[in-house]
Amino acid sequence: MAKVIHKGLYLILALFIGLFIASTFVVRAQYNYAAYGDNPILGSQQWGIFIPLLIVLSLASVVMYRLCLKLNRFRPVVVIPVVLLASSAVQTAIIFWFPRVPTDDSQTVLSLAMDMLYDQDYSSFDTTGYLHMFPFNYSIVLILKTLLYLFPDNYLVIKLFNILCTLVTTLMIYLIYKQLHAKSGGRDYGVLVLAATYLPALFMNNLIYNDVIATALLTSSLYFLIRFLKEKTYKWVVAAAILLALGNDLRSIGAIVLIAAILCILLNIRSLGFQKFMISIGVLALLFNVPGWTQKWALQSVVNEPVGENAAPVYMWLNMGINLERFGFWDNRESYAIYQREANYNKAESTVLFKQEIERKLSEASAGDLVRMYTKKLIWTWTEGTYQMDRYGIGNGSSFGMGRGGGGIDGSYSYATAATDWFQGDSAPRIGILWVVYTMNVLIYVFVLVRLIGGIRAKRYDEVSLILVILGFIGFYLLWEIKSRYLFPVYPLLLVLAYMGFKDAHDSIFRRKLGGERISHGKGDSYAK
């Protein structure tokens, strides 16, 4: 029965990935703030750019793979630190070349952290306050407050912490790959290099928010879950539960990972035994909400009402997710107005209003309208491919010296550099890098599909934990308000699957043993185990 379920999961994800790939030959999903503003764009595909770039990146991938194979002669204790150090140097250079200042929510949470640190001001939890509406963002405020307490009051400190988290994610990608592909004869440094040079991850350190930190925590949690399923040792499930709880406290999509973890454990109940099955589920469930409960308890003395009692309800984001014109993208404060003005920041009253609005939208739209909307929503969210690094990573502003006040919605800079001048507006370099990342995303899907089909044909289902998480994200954001940035926590899983698929395709095409794959492992291999 378990094998049937595994095959079914692989088939479902393969169908979605096939849809994503096929759609890119018809339409191109874009997010380019300078060209189109804060809008999701689905336009006709430009084959004259897309196909040549697809070919060039495919050839470049083969070259890089062959070069990475030459690293097999070196021990992990040497290669891993060198690759991470090189990646950190590039990321540090990027945050100096593109000194993007906080905007929107990132500026708000940073300001609140400063207010709490320097003025002990918790008024944001009062009615009409930001944390009254979005109490789940208190976790990132707390982290920023702690960083600013320990280190100088500077954006750079927070961005350097982001870089540290990105390096953790990079290492976890490699370790997850090694756990799932333990039979590989080589050291597979290629997946480490791929993760260390992945452009969206390098640029998103400029975003002072919860995405980068939560991704590191959730990816690490998944690694320890996989170790638990293989080794059946309680310490690994405890580590997974703690990291998952912290990751979820930063971004509530941790619930998707929790459900995937429970399903994985359930599918392995025969090998785990009933006792370990029950204990592991209990540990995951028990620790999951501890950070949130702890914060609410600690805030009792400084807030006027229980935290979250009148927060914006989940129905607000579900209402945003139903929008024929913008297919679930930000609705320009229409949903905010219902909660703030019509319901006067009252959770119960706004819930009733949002349910009525959702019912109205569904009843007024035809079946064809809804199918088109959800298709556009699915395709744009998953094929935009840059995670909106145009706005959140590179930045778009031309104003400098914004200082502590932050920048506008476009993402201004603290000071001018040659890079900010070169990438200003809808320039050729900006368009070029967005094309590269977009096409790279398509290639990732191609190789993920290769891995999925290969797994089905070989009846090999080792990656089911990753697949459950990805399917969870697909289902969730089919209903929720969308941004392609929201998929950022999934990129580590896609890279792992894509590298596996690329290696399968490469070895199948060339049908020969590649040099270095049989090199014996030294003591440094403890890094990869």
Side-chain angles (χ1 to χ4, degrees), residues 6-7 9-10 13-14 17 61-62 64-72 74-76 79-80 83 169-196 198 219-231 236 240 260 264 267-268 271 443-470 490-522 524-529:
H6 289 161
K7 182 177 180 180
L9 294 171
Y10 271 60
L13 184 56
I17 297 296
S61 299
V62 173
M64 287 302 299
Y65 177 72
R66 296 290 187 86
L67 290 175
C68 289
L69 286 176
K70 297 183 182 298
L71 295 175
N72 277 354
F74 302 106
R75 295 162 57 196
V79 175
I80 293 176
V83 171
T169 303
T170 298
L171 179 60
M172 288 299 126
I173 290 171
Y174 180 66
L175 295 180
I176 287 173
Y177 176 91
K178 295 300 291 183
Q179 284 292 316
L180 296 176
H181 209 255
K183 295 180 181 179
S184 172
R187 285 167 170 165
D188 295 305
Y189 294 131
V191 68
L192 178 71
V193 173
L194 172 63
Y198 188 57
T219 307
S220 300
S221 173
L222 194 55
Y223 164 70
F224 286 112
L225 173 69
I226 293 169
R227 289 205 67 171
F228 169 69
L229 293 174
K230 289 187 67 175
E231 300 177 22
W236 300 132
C264 279
L267 289 171
N268 285 272
S271 61
L443 269 183
I444 286 171
Y445 286 146
V446 169
F447 293 120
V448 168
L449 185 60
V450 169
R451 184 64 180 183
L452 293 173
I453 293 173
I456 293 170
R457 294 178 62 183
K459 298 181 180 180
R460 178 200 61 235
Y461 307 113
D462 299 328
E463 303 90 24
V464 71
S465 56
L466 311 187
I467 287 166
L468 279 168
V469 175
I470 296 170
V490 174
Y491 93 84
L493 317 187
L494 293 174
L495 291 190
V496 171
L497 290 171
Y499 187 81
M500 289 178 176
F502 176 85
K503 184 174 181 180
D504 292 344
H506 181 277
D507 293 355
S508 176
I509 290 171
F510 292 96
R511 295 186 183 281
R512 64 185 180 86
K513 292 291 183 181
L514 298 173
E517 285 193 342
R518 293 186 174 180
I519 291 179
S520 61
H521 292 192
D525 277 348
S526 58
Y527 275 81
K529 294 181 180 178

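In this structure, CG on Asp188 lies 11.5 Å from CG on Leu71, to the nearest 0.5 angstrom. With rounding to the nearest 0.5 Å, the separation of CG in Leu493 from OH in Tyr177 is 15.5 Å. Residue Leu13 holds its CG atom at 10.0 Å from CG of Leu468, rounded to the nearest 0.5 Å. Taken from CG in Leu9 to CG in Leu452, the straight-line distance is 10.5 Å, to the nearest 0.5 Å. For the atom pair Ile80 CD1 and Thr170 OG1, the distance stands at 11.5 Å (nearest 0.5 Å).
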Distance-only criterion, 3.5 Å: show the donor-acceptor pairs between side-chain atoms of residues 456-464 and protein atoms not counting sequence neighbours.
residue	atom	partner	partner atom	Å
Glu463	OE1	Tyr10	OH	2.6
Glu463	OE2	Arg451	NE	3.4
Glu463	OE2	Arg451	NH2	2.8

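Annotation: Lys230, atom NZ; neighbour count of heavy atoms from other residues, nucleotides and ligands within 6.0 Å is above 12.
The aromatic rings of Tyr174 and Tyr189 lie parallel to each other, with less than 30° between the two planes, well short of the 60° mark. In this structure, Phe224 and Trp236 have parallel ring planes: the angle between them is below the 30° cut-off, well short of the 60° mark.
Here the rule is side-chain contact (heavy atoms from CB on, under 4.5 Å) with Ile444, and of Phe502, Tyr198, Tyr491 only Tyr198 fits it.
By the 4.5 Å heavy-atom criterion applied to side chains, Ile226 and Leu175 are not counted as neighbours. Residues Tyr445 and Leu494 have side chains in contact (heavy-atom distance under 4.5 Å, counting atoms from C-beta outward). Taking the side chain as every heavy atom from C-beta outward, Leu69 and Tyr65 approach each other to under 4.5 Å. Between Val193 and Leu67 there is no side-chain heavy-atom pair separated by less than 4.5 Å.
The minimum heavy-atom distance linking Leu229 with Cys264 is given by the pair CD1-CB, 3.9 Å.
A distance-only check finds a donor-acceptor pair linking the side chain of Arg187 to the backbone of Phe74 [under 3.5 Å].
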